[in-house]
Q: 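Below you'll find the structure I mean.
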Number of protein chains: 2
Amino acid sequence: MAATIRDVARASGVHVSTVSRSFSAPHLVNDTTRSRVMAAADALGYRPNRAARALTTGRTLNLGLVVADIANPFFPPLIKAAQAHARSGDYHVFVADADEDPRAEEELIRTLTKQVDGVVLCSPRLSNEVIVRLAADVPFVVVNREVDGLPSVLMDVARGARLAVAHLRALGHTRLAYLGGPSGSWTSRQARAAAGIPVIGPNQPTAQGGADAAEAVVAAGVTGVLAYNDLVALGLVEGLAALGVRVPEDVSVVGVDDILPGRLNRPKLTTVAMPTEAAGRTAVDLLLGAADGPVTLPTAFIVRESTGEAPR
Amino acid sequence: MAATIRDVARASGVHVSTVSRSFSAPHLVNDTTRSRVMAAADALGYRPNRAARALTTGRTLNLGLVVADIANPFFPPLIKAAQAHARSGDYHVFVADADEDPRAEEELIRTLTKQVDGVVLCSPRLSNEVIVRLAADVPFVVVNREVDGLPSVLMDVARGARLAVAHLRALGHTRLAYLGGPSGSWTSRQARAAAGIPVIGPNQPTAQGGADAAEAVVAAGVTGVLAYNDLVALGLVEGLAALGVRVPEDVSVVGVDDILPGRLNRPKLTTVAMPTEAAGRTAVDLLLGAADGPVTLPTAFIVRESTGEAPR
DNA sequence: CTGAAAGCGCTAACAT
DNA sequence: ATGTTAGCGCTTTCAG
């Protein structure tokens, strides 16, 4: 059995409360006493039991991070940054994958609630009402969604979308389309509104979704497309290739996210880069009270190889 | 404040122990009593506090999952599968990113120990000795590494490597090389030994690592290469392109892992597919005692577009 | 089948 | 500066 605070107390000849204080309020205990305590703790390999501590303090030092789909390359950098940042504040993070299912998402949050000091909800599939209701039980920070009264971390897709459309227009494209994402998606709504171009979709937010849309794109006679995200864009490129349509010679494609596969792809994807790492860190800051209110993070427009002059 | 077991007891007119039993040992309590308790619990929105429960039972119903780098596309499918499987047993999972740093890895494990019933160590960068020492405090399952006395989940890279080499030979390639990974990597050692071809490396297990190796590959006059993983392979393809060398016309490249970027890439990567989802599930099973001993999972060799006939 | 009581590991008043 | 005590929310003997 692992050493408890009592073992340390016995070994160092002080009361348990002194040991407790040595760890959680060092300044309240005599230097020499404390060093004796610490020595004993070290020798025994003692580490405070965080769960037990949480029971009295009410703070678990745990955070929940609920994402729509871990396997979506958009999330890992966010998770990684959030986790690293949380660690620096001595927090652990539960990562929960909702598998794009609102019901799973809700259940996950419910069971996590008691065990964390707050949860970061990334690209939730849940309705705002449900989110607000759940927020009564535990502090929330929502990423990629505006929910009344809750702190959120947003990314400025609107600006990215405008830049993308301007870029395509500058290349001579006149027939443009937005390949929309899932109907509930905040990001999709933002981008669509900002782009102000005809919409094809909704589509599955996956490569398959993009591939499936290839025919519709060709049928519409479109030469420049802004896709819901990089995955869709990548799928579209693939689908177009299968139809004998080349990117960027025949059709220019812009993605959103700047995920790794887009950078490795050939042609390398032109994209609206989302600040995922910053979002992860910011969300944690909001949760821990180190920052305030809704934050909108800037996006960047990155021109690579999937866009080119309009065919004539 | 959230409802506690005491609130439920009061509301349903029974003792707390009866409420407790209603949840954790339903068969020990009268049907009608229990339904009364459950109704009250429901009305109050009561959920047992898992941390408090853990204090008495010693079981946290939490698992730790330590990975070398969440942002490496190899891990997310494994994490996702492990997490989903854990959930089905009512377990939550802490995901910890060691950021390829052995010291961070150790610290992460240490702080997690008390809070979990077991930890899955994926592709650890830690030495076997340290792992064994840490294993004294908490059940371990190690993925992609053999550690004496610890249950592990292995993937049969050796067979995959042999298949890859045979495939390249059958295409007429005679000058082959293995682009090795980090020196501490179990997978790298396995593949190298099984491939039985000259080694170039070690290399960083990233796309950059692969790109950096392009010159050496060309200098060696190699026409068929098996890379440490898909990321390295993808980077190599990129690096070769920059040197004017085409894949697969001039050089054939085989990766390992079967990550998403390889499937989306053009040319699509020929690869040794690793059973990541199965590994995630199996690791959890081993941890929860639902399965035994070291398990070696089969790999699959998938021919796609990055390999072709040797140039003549 | 249910109640009473002790205790898990720790912290937080309150004393001293 | 340190010891005493109570108690966080829950489970688990032990009685009844």
Side-chain angles (χ1 to χ4, degrees), chain A residues 1-38 40-41 44-62 90 110-117 137-138, chain B residues 1-38 40-41 44-62 90 92 111-117 137-138:
Chain A
M1 199 48 205
T4 77
I5 201 174
R6 236 179 295 270
D7 300 322
V8 178
R10 202 171 309 127
S12 51
V14 299
H15 197 93
V16 289
S17 52
T18 302
V19 177
S20 171
R21 276 189 285 259
S22 298
F23 280 90
S24 35
H27 59 283
L28 291 181
V29 32
N30 188 311
D31 274 8
T32 70
T33 313
R34 183 160 41 90
S35 56
R36 197 147 42 88
V37 169
M38 289 314 199
L44 294 171
Y46 168 77
R47 296 239 167 184
N49 181 322
R50 297 161 61 108
R53 172 182 287 177
L55 209 48
T56 45
T57 61
R59 297 183 58 218
T60 61
L61 292 184
N62 290 152
D90 201 24
R110 284 234 148 83
T111 60
L112 233 34
T113 294
K114 293 288 210 341
Q115 231 170 146
V116 299
D117 297 335
D137 294 329
V138 63
Chain B
M1 199 49 205
T4 76
I5 202 173
R6 237 179 296 270
D7 300 321
V8 178
R10 201 169 313 127
S12 50
V14 300
H15 197 94
V16 290
S17 50
T18 303
V19 177
S20 172
R21 277 188 286 257
S22 298
F23 281 89
S24 36
H27 59 281
L28 290 182
V29 33
N30 186 312
D31 273 7
T32 71
T33 312
R34 182 160 42 89
S35 55
R36 199 147 40 88
V37 168
M38 289 315 199
L44 294 171
Y46 169 78
R47 296 238 168 183
N49 180 322
R50 297 162 61 110
R53 173 182 287 176
L55 210 47
T56 44
T57 61
R59 296 182 59 218
T60 61
L61 291 184
N62 290 151
D90 200 25
H92 287 309
T111 60
L112 233 34
T113 295
K114 292 286 209 347
Q115 234 171 144
V116 299
D117 297 335
D137 294 328
V138 62

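Within every chain, numbering begins at 1; the chains are lettered A, B, ... in the order of the sequence lines, protein sequences first and strands thereafter.
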Q: Could you check Asp7(B) against Thr4(B) for side-chain contact (heavy atoms from CB on, under 4.5 Å), going step by step and ending with a plain yes or no?
A: CA-CA 5 Å; Asp7(B) 300 321; Thr4(B) 76; 3.7 Å; yes
Q: With a 4.0 Å limit, can you tell me whether His15(B) has a side-chain N or O closer than that to the phosphate oxygens OP1/OP2 of dA4(C)?
A: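 Indeed, a polar side-chain atom of His15(B) lies that close.
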Q: Between atom CG in Leu55(A) and atom P in dG9(D), what is the gap in whole Å?
A: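 Computing the Leu55(A):CG to dG9(D):P distance gives 7 Å.
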Q: Take atom CZ of Arg6(A) and atom P of dT4(D), then tell me their distance rounded to the nearest Å.
A: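 After rounding, the reported distance stands at 13 Å.
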Q: Identify, residue by residue, the members of residues 23-36 of chain B with a heavy atom below 4.0 Å from DNA chain C, and return them in order of residue number, or none.
A: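 Of all residues in residues 23-36 of chain B, the ones placing a heavy atom under 4.0 Å from DNA chain C are Leu28(B), Val29(B), Asn30(B), Thr33(B).
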Q: Nearest of dC10(C), dG3(C), dG3(D) to any side-chain atom of Arg21(A)?
A: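 That would be dG3(D).
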Q: As an exercise, state the distance from CG of Asn30(A) to OG1 of Thr18(A), rounded to the nearest 0.5 Å.
A: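 Here the interatomic distance stands at 10.0 Å.
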Q: Please state how far atom NZ in Lys114(A) lies from atom P in dC8(D), giving the value in whole angstrom units.
A: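 Distance check: Lys114(A) NZ to dC8(D) P gives 15 Å.
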Q: State whether the distance check finds a donor on one side and an acceptor on the other, under 3.5 Å, for side chain Ser17(A) versus base dT4(D).
A: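 Side chain to base: pair present.
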Q: Could you grab the distance from atom OG1 of Thr111(A) to atom NE2 of His92(B), nearest 0.5 Å is fine?
A: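 One finds 3.0 Å between OG1 of Thr111(A) and NE2 of His92(B).
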Q: Whether the side chain of Ser20(A) engages the backbone of Val16(A) through a donor-acceptor N/O pair (distance < 3.5 Å, no angle test) should be reported.
A: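 Checking the backbone N and O of Val16(A) against the side chain of Ser20(A), no donor-acceptor pair under 3.5 Å is found.
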Q: Arg59(A) has an atom CZ; how far is it from atom P of dC10(C), in whole Å?
A: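 Arg59(A) atom CZ is separated from dC10(C) atom P by 17 Å.
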Q: Start with the C-alpha distance between Gln115(B) and Thr60(B), add both sets of side-chain angles, then the distance that settles side-chain contact (heavy atoms from CB on, under 4.5 Å), and finish with yes or no.
A: CA-CA 6 Å; Gln115(B) 234 171 144; Thr60(B) 61; 5.5 Å; no
Q: With a non-hydrogen cut-off below 4.0 angstrom, is Thr57(B) in contact with a base, only sugar-phosphate, or nothing?
A: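 Touches sugar-phosphate only.
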Q: Please report the distance, rounded to the nearest Å, between CD1 in Ile5(B) and C1' in dG9(D).
A: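 Ile5(B) atom CD1 is separated from dG9(D) atom C1' by 7 Å.
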Q: How long is the gap from OG1 on Thr113(B) to CZ on Arg50(A), to the nearest 0.5 Å?
A: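 Atom-to-atom, Thr113(B):OG1 and Arg50(A):CZ are 11.0 Å apart.
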Q: Over how many whole Å does the gap from Gln115(A) atom CD to dG9(D) atom P extend?
A: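 Rounded to the whole Å, the gap is 15 Å.
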Q: Rounding to a whole Å, what distance do you find between Leu61(A):CG and dC8(D):P?
A: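 After rounding, the reported distance stands at 20 Å.
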Q: Which sits closer to the 5' end of DNA chain D, Val14(A) or Ser20(B), going by the nucleotide each is nearest to?
A: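 Result of the comparison: Val14(A).
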Q: Once you round to the nearest 0.5 Å, how far does OG of Ser12(B) lie from CG of Leu44(B)?
A: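 Nearest 0.5 Å value for the OG-CG distance: 8.5 Å.
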Q: Taking any heavy-atom pair under 4.0 Å as a contact, classify Val19(A): base, sugar-phosphate, or nothing.
A: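 Nothing, no heavy atom under 4.0 Å.
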Q: If you compare every side-chain N and O of Thr56(B) against the phosphate oxygens of dT11(D) (OP1, OP2), does one of them come in below 4.0 Å?
A: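 Negative; the distance criterion is not met.
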Q: Rounded to the nearest angstrom, tell me the gap between atom CZ in Arg50(B) and atom P in dT11(D).
A: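 Atom CZ in Arg50(B) sits about 12 Å away from atom P in dT11(D).
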